[in-house]
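Structure first, then comments.
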Amino acid sequence: MEQAYWSEQAACRDTHAEDLFANSATQRRAKAVCTGCPVRIDCLTEALDSRVEFGVWGGMTERERRALLRRRPLVTSWRPIIERPQPTGQAS
């Protein structure tokens, strides 16, 4: 899905920006908005590929994304990794 298009389909499209770029309590609520979002993977891959530093994107906080990027520093395109089915009982 193209970037300009996916954001129009996001579950958070009518959410105030300050709710997505806020403290930890608000981040939990923002992450809940991402649950079931039809473009969650598009959002998350954009944030990881672009190294977005702030806010909740695709259900992950900036802290969670930084930790993932530190664990996998050589990844330049996250979509194939995120879309790859995980073996039962394992997380990426």
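To the nearest 0.5 Å, the span separating CH2 on Trp78 from CD on Glu83 amounts to 13.5 Å. Between Trp57 atom CH2 and Ser50 atom OG the span is 7.5 Å, to the nearest 0.5 Å. Atom OG1 of Thr61 and atom CZ of Arg66 lie 7.5 Å apart (nearest 0.5 Å). Here Leu48 contributes atom CG and Leu69 contributes atom CG; the two are 5.5 Å apart, rounded to the nearest 0.5 Å. We find the CD-CE distance between Gln27 and Met60 to be 11.5 Å, quoted to the nearest 0.5 Å.
Taking each heavy atom of Cys43 and Gly58 in turn, the nearest pair found is SG-N, 3.1 Å. Of all heavy-atom pairs spanning Cys37 and Ala11, the tightest one is SG-N, 3.2 Å.
Taking hydrophobic clusters as Ile, Leu, Val, Met, Phe, Trp and Tyr residues chained together by side-chain heavy-atom distances below 4.5 Å, Leu20 shares a cluster with Val52. Transitive grouping of hydrophobic side chains (ILVMFWY, heavy atoms separated by less than 4.5 Å) brings Leu68 and Ile41 into a common cluster.
Within 6.0 Å of atom CZ in Phe54, 12 or fewer heavy atoms from other residues, nucleotides or ligands are found, so the atom counts as exposed in its surroundings. For Glu53, the CD atom sits in a loose shell: 12 or fewer heavy atoms of surrounding residues, nucleotides or ligands are nearer than 6.0 Å. For Arg51, the CZ atom counts as densely surrounded, since its 6.0 Å shell holds more than 12 non-hydrogen atoms of other residues, nucleotides or ligands.
Panel note: side chain Gln9, backbone Trp6; no donor-acceptor pair is recorded below 3.5 Å. Arg65 places no side-chain N or O within donor-acceptor distance of the main-chain N or O of Ala47, the cut-off being under 3.5 Å. With hydrogens and angles ignored, the 3.5 Å screen pairs a side-chain donor or acceptor of Arg13 with a backbone N or O of Ala10.
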Is there a side chain to side chain contact (heavy atoms under 4.5 Å, CB included) between Asp49 and Thr76 once you walk through the steps? CA-CA 6 Å; Asp49 289 350; Thr76 56; over 6 Å; no

Before you tell me yes or no, could you show the steps for Arg29 and Asp19 under side chain to side chain contact (heavy atoms under 4.5 Å, CB included), namely the whole-Å CA-CA distance, both residues' side-chain angles and the distance that decides it to 0.1 Å? CA-CA 8 Å; Arg29 286 193 299 271; Asp19 293 338; 6.0 Å; no

Begin with the C-alpha distance, continue with both residues' side-chain angles, and end with the deciding distance and a verdict on side chain to side chain contact (heavy atoms under 4.5 Å, CB included) for Glu62 and Phe21. CA-CA 9 Å; Glu62 59 261 20; Phe21 298 87; over 6 Å; no

Please report the C-alpha distance between Arg79 and Glu46 in whole Å, then the side-chain angles of each, then the deciding distance to 0.1 Å, and finally whether the side chain to side chain contact (heavy atoms under 4.5 Å, CB included) criterion is met. CA-CA 9 Å; Arg79 181 171 296 278; Glu46 165 128 352; over 6 Å; no

